[in-house]
S.K.: 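Before we start, here is the structure in question, set down as structure tokens.
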Amino acid sequence: MTPERPREEDAIPEQMRVNGTANVMVEPSASPHLGSGQLYAALDLGTNSCRMLIARPRGSQFQVVDSFSKAVQLGTGLEATGRMSRGSINRTVQALRICQKKLEKHKIKRMRLVATEACRRAKNSRDFLRQVRRETGMHLEIITPEEEARLAVISCAPLVSGKTEQLLVVDIGGGSTELVWIDMTGVDPLDRPRAIMRLHAGFTPKGLGQARVVDWISVPLGVATLKEQFADVEDDAARFALMSWFFEENLSSFSPYNLENGREGFQVIGTSGTVTTVAASFLGLRRYDRTKVDGLRMSSDQIDTVIREYLALGPEGRRTDPRIGRDRHSLIMSGAAILQALMRVWPTDQLSVADRGLREGLLYAQMSADGVLTDGPYE
């Protein structure tokens with residue numbers, strides 16, 4: 001299989017697709033004819049993309065046997081009208097029909113099919129869900145911002161360092177951005193990745209030695225919604241600066257970290273197409289390679305260098321840059337504005353890059369609840 005860029009709201013560039021479908025995985029991929037065990041499915045319908053994974057448990061992780069990803073732009077025009085447009089709905093239903101065929105092909109019985117910010121906000125979301133059910137037979141579930149944040153966190157469990165005492169997980173989506181702050185000072189260092197995985201049951205686990213969620217926030221600004229809000233600003237650099245400062249203003253109520261504690265033992269994990277694209281650009285990858293991106297640590301200076309390169313390219317240069325991709329060029333600067341604001345606010349000079357997200361969290365949560373995953377190690 002060809003590795004895919006895992007994130008949600010961020011479309012996978014054409015050159016990274018195979019027959020129009022992005023086939024790949026966060027964990028080891030497998031042939032659908034190999035191995036045994038029940039198959040699980042996870043579908044994430046976001047503001048920009050429709051993405052699905054089908055996988056089976058393998059040890060503490062899972063093997064992907066099939067996947068799908070398509071930019072449907074469900075949230076186009078939502079900021080202005082408060083409704084999903086007919087064109088957006090039609091594109092999305094067509095993509096969901098393909099997903100339904102894959103579910104039937106693999107005879108999937110255990111699945112979660114969820115929708116996020118666009119469907120949470122749209123006035124016509126109930127009509128949309130009824131249309132999806134009528135035309136595809138699929139029952140989409142609109143999840144809360146808290147559950148979306150929790151699923152993003154547990155997807156990143158394999159990347160948590162045993163040295164991490166304070167963890168910030170950032171999930172930049174198309175319509176919203178989730179941030180979760182977790183205190184792990186009371187958790188044995190060897191148990192910290194598994195402690196994150198146990199959060200699948202909720203943000204308030206009971207008992208000693210558990211990861212403690214200090215605070216979390218869902219900011220209703222993602223790469224698509226932030227872009228739409230500042231679409232009338234013509235100057236490229238000015239638009240970027242305004243987006244970054246506007247996003248930072250929306251973080252004012254989220255500040256659980258004591259700056260006097262310093263940077264030691266503090267880890268930031270970023271999961272999104274924005275983060276993986278910045279990482280791929282830093283590495284100079286003309287063709288995306290998940291094995292080089294997932295788990296990469298970037299310094300704030302390295303991130304700033306990539307963002308400055310994006311600004312120097314301008315809109316046309318970004319459109320033709322193979323490291324960014326045709327489907328992503330129009331969203332990369334709003335995502336970079338969010339990323340820059342986060343690195344400016346928090347007391348760290350490093351970011352861990354996660355090529356994983358909501359779908360992986362959905363799979364981990366289902367498998368953990370069923371008791372089919374073993375206890376680590378998460379390598």
Side-chain angles (χ1 to χ4, degrees), residues 6-7 25-28 59-62 149-172 178-200 203 205 207-216 254 256-272 274-276 278-280 282-283 289-303 339 342-343 345-358 360-361 363-365 368 373-379:
R7 232 323 263 188
M25 207 19 329
V26 169
E27 312 308 343
S60 63
Q61 301 185 24
F62 53 78
R150 187 170 73 245
L151 291 166
V153 167
I154 66 174
S155 75
C156 295
L159 300 182
V160 176
S161 167
K163 298 179 180 178
T164 299
E165 295 183 347
Q166 302 289 332
L167 173 68
L168 175 64
V169 176
V170 179
D171 180 19
I172 305 172
E178 281 68 45
L179 298 92
V180 184
W181 200 289
I182 303 167
D183 182 357
M184 292 192 292
T185 53
V187 183
D188 184 283
L190 295 177
D191 192 46
R192 284 171 182 171
R194 286 186 289 273
I196 296 299
M197 186 67 73
R198 288 195 290 271
L199 292 174
H200 77 86
F203 273 167
L208 298 174
Q210 301 295 327
R212 184 175 67 89
V213 175
V214 178
D215 197 6
W216 71 276
F254 181 78
Y257 190 75
N258 181 355
L259 299 183
E260 295 179 0
N261 290 342
R263 300 179 180 184
E264 191 172 348
F266 177 51
Q267 182 181 8
V268 181
I269 298 179
T271 168
S272 72
T274 293
V275 175
T276 56
V278 168
F282 167 69
L283 295 173
D289 184 345
R290 182 198 171 270
T291 61
K292 295 180 179 178
V293 171
D294 189 49
L296 176 72
R297 291 203 172 194
M298 293 186 67
S299 70
S300 55
D301 287 343
Q302 291 166 340
I303 292 171
L339 182 58
L342 294 169
M343 298 303 288
V345 168
W346 306 115
T348 183
D349 56 6
Q350 279 203 333
L351 173 78
S352 298
V353 178
D355 184 341
R356 51 192 74 221
L358 187 56
E360 291 79 11
L363 289 172
Y364 278 135
S368 295
L373 294 177
T374 61
D375 282 341
Y378 293 104
E379 276 118 35

S.K.: What's the spacing between M298 CE and M343 CE if we round to 0.5 Å?
M.R.: 9.0 Å

S.K.: Testing the basics here: between T271 and G357, what is the closest heavy-atom pair and its distance to 0.1 Å?
M.R.: OG1-CA, 3.6 Å

S.K.: With salt bridge (charged side-chain N to carboxylate O under 4.0 Å, His left out) as the rule and sequence neighbours excluded, what pairs involving residues 179-189 come up?
M.R.: D183-R212

S.K.: From T274 OG1 over to L342 CG, what is the distance, rounded to the nearest 0.5 angstrom?
M.R.: 10.5 Å

S.K.: How long is the straight-line distance from CD1 of I172 back to OG1 of T276, given to the nearest 0.5 Å?
M.R.: 10.0 Å

S.K.: At their closest point, which heavy atom of L373 faces which heavy atom of S368, and how far apart are they?
M.R.: CD1-OG, 3.6 Å

S.K.: Ignoring hydrogens and angles, tell me if any N or O in the side chain of R192 forms a donor-acceptor pair with the backbone of G162 under 3.5 Å.
M.R.: yes

S.K.: Would you compute the distance between atom CD of E360 and atom CD1 of I154 and round it to the nearest 0.5 angstrom?
M.R.: 10.5 Å

S.K.: Give a yes-or-no answer on whether the side chains of Q166 and W181 include a donor-acceptor pair shorter than 3.5 Å.
M.R.: yes

S.K.: Please enumerate all residues that pass side chain to side chain donor-acceptor pair (under 3.5 Å) together with T164, with sequence neighbours excluded.
M.R.: Q267

S.K.: What is the minimum heavy-atom distance between R356 and S155, and which atoms define it?
M.R.: CD-O, 2.8 Å

S.K.: Under the side-chain contact (heavy atoms from CB on, under 4.5 Å) criterion, do L159 and S352 qualify, and how do the steps go?
M.R.: CA-CA 8 Å; L159 300 182; S352 298; 5.5 Å; no

S.K.: Evaluate the criterion side-chain contact (heavy atoms from CB on, under 4.5 Å) for residue pair I182 and L199; output intermediate values, then yes/no.
M.R.: CA-CA 10 Å; I182 303 167; L199 292 174; 3.9 Å; yes

S.K.: Quick check: does any side chain N or O of D294 sit under 3.5 Å from a backbone N or O of D355, one acting as donor and the other as acceptor?
M.R.: yes

